[in-house]
Amino acid sequence: MCSRTSPRSRAGRPRSAAADTAILEATRAALVELGWSKLTMSDVATRAGVAKTTLYRRWAGKNELVVDAVAVLFDELQLPDRGSLMADIEGVVLQFAALLERPETKTALMAVIAESTRDEPLRERIRTSIVERQKRLVQEGRRRAQARGELPAGPGPMAGTDDLIFDVIAGAVVHRALVSAEPVDAQWVQRFTALLLGGLAAAAQT
């Protein structure tokens, strides 16, 4: 698994993991209660029980802080070995959907995406801190499926498709859960996975 990109650090006393956790939890709670526009670094500091200067030693501003608060939630996603590529995909999609149902995830993700339409540095931070890190799941799934013989070994005709596969999975689940507000239940996940695997099989044969 890729290591998380740490917020900026400065010389001085060692970072406190407990303080970081409290700050990120406070950020998510403030987002749910107040929304993006009313969230302030001062409010987060008060909720976390730290000085505002502690926040600014770690994060330059609200944008960086909120993205990191979202990123740690997505780092919870795992790809347990369920015995087949189909079962592995179904498992991680259901995890992803459950994560998006949590109020702190839904509120924070929608807030940073909306704000990023006007802020290119924020959009880049989302790409590096959330999107690029979670592509590890696609890469892990591919390696596991190749070891099982479910996908051809080596790069082959599917070389360079990790980005596309990630976009298809993430895009479909986010749209279903947050845009259409439809359930991502076991039946939908099975149909989606079958469609995805059909596309992968066709791509592997070209």
Side-chain angles (χ1 to χ4, degrees), residues 1-80 92-137 166 169-171 173-179 181 183-184:
M1 182 188 304
C2 297
S3 61
R4 291 196 290 111
T5 303
S6 298
R8 67 176 188 169
S9 60
R10 297 177 181 174
R13 289 182 298 176
R15 289 282 296 273
S16 165
D20 286 354
T21 299
I23 290 166
L24 296 177
E25 288 178 351
T27 302
R28 294 189 295 269
L31 270 172
V32 172
E33 182 179 333
L34 304 174
W36 177 278
S37 62
K38 295 182 180 179
L39 183 145
T40 66
M41 298 288 272
S42 294
D43 181 73
V44 171
T46 300
R47 289 169 184 260
V50 300
K52 189 164 66 171
T53 53
T54 301
L55 266 68
Y56 282 109
R57 281 197 298 267
R58 290 159 164 78
W59 294 274
K62 182 167 75 172
N63 289 359
E64 289 185 4
L65 175 59
V66 172
V67 171
D68 283 357
V70 178
V72 297
L73 295 177
F74 282 91
D75 284 343
E76 295 175 10
L77 294 173
Q78 300 294 328
L79 190 69
V92 77
V93 168
L94 286 169
Q95 279 186 60
F96 185 26
L99 180 62
L100 293 178
E101 287 180 359
R102 290 162 56 176
E104 65 270 29
T105 311
K106 183 185 304 184
T107 303
L109 183 62
M110 296 293 274
V112 295
I113 289 174
E115 191 66 19
S116 72
T117 62
R118 302 183 293 273
D119 188 332
E120 177 55 35
L122 176 58
R123 189 155 52 242
E124 179 59 28
R125 191 171 181 86
I126 292 170
R127 280 194 293 263
T128 57
S129 297
I130 300 176
V131 176
E132 293 300 325
R133 290 217 300 254
Q134 297 315 313
K135 288 178 183 177
R136 63 184 169 81
L137 298 168
F166 178 86
I169 295 173
V173 178
V174 169
H175 189 279
R176 175 86 177 175
L178 301 186
V179 180
V184 182

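In this chain, residues are counted from 1 in sequence order.
No donor-acceptor pair under 3.5 Å is formed between the side chain of Thr54 and the backbone N or O of Val50. Without hydrogens or angle criteria, Glu33 side chain to Ala29 main chain gives no donor-acceptor distance under 3.5 Å. Under the 3.5 Å distance criterion, the side-chain polar atoms of Arg176 are left unmatched by any main-chain donor or acceptor of Val184. Between the side chain of Glu104 and the backbone N or O of Val32 there is no donor-acceptor pair closer than 3.5 Å.
Each of Leu31, Leu178, Leu99 was evaluated against Thr105; a single residue qualifies, Leu99, per the side chain to side chain contact (heavy atoms under 4.5 Å, CB included) test. Just one residue in the list Val67, Thr107, Asp119 forms a side chain to side chain contact (heavy atoms under 4.5 Å, CB included) with Val112, and that residue is Val67.
Proximity of Asp68 to Ser129: side-chain heavy atoms (C-beta onward) are separated by under 4.5 Å at one or more points. Using a 4.5 Å heavy-atom cutoff, the side chains of Leu137 and Phe166 are not in contact. No side-chain heavy atom of Thr27 sits less than 4.5 Å from a side-chain heavy atom of Trp59. Side-chain contact between Leu65 and Leu24 is present, with at least one heavy-atom pair separated by less than 4.5 Å. Proximity of Val72 to Arg28: side-chain heavy atoms (C-beta onward) are separated by under 4.5 Å at one or more points. Proximity of Leu100 to Lys106: side-chain heavy atoms (C-beta onward) are nowhere separated by under 4.5 Å.
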Is there a side chain to side chain contact (heavy atoms under 4.5 Å, CB included) between Val92 and Gln78 once you walk through the steps?
CA-CA 7 Å; Val92 77; Gln78 300 294 328; over 6 Å; no
Apply side chain to side chain contact (heavy atoms under 4.5 Å, CB included) to the pair Arg123 and Ile113, showing each step before the final yes or no.
CA-CA 8 Å; Arg123 189 155 52 242; Ile113 289 174; over 6 Å; no
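Rounding to the nearest 0.5 Å places CD of Glu25 at 11.0 Å from CG of Asp20. Expressed to the nearest 0.5 Å, how far CG of Leu34 lies from OG1 of Thr40 amounts to 7.5 Å. Here CD of Gln95 is found 12.0 Å from CZ of Phe74. Values are rounded to the nearest 0.5 Å.
Ionic pairing of Lys38 and Asp43 is not present here: no N-O contact between side-chain nitrogen and carboxylate oxygen is shorter than 4.0 angstrom. Using a cut-off of 4.0 Å between Lys/Arg side-chain N and Asp/Glu carboxylate O, Glu120 and Arg125 are scored as not salt-bridged. For Lys62 and Glu115, the salt-bridge test fails: no basic side-chain N is under 4.0 Å from an acidic carboxylate O.
Nearest approach of Ala19 to Arg58, heavy atoms of both residues: CB-NH2, 4.1 Å. When every heavy atom of Leu122 is checked against every heavy atom of Trp36, the shortest pair comes out as CD2-CH2, 4.4 Å.
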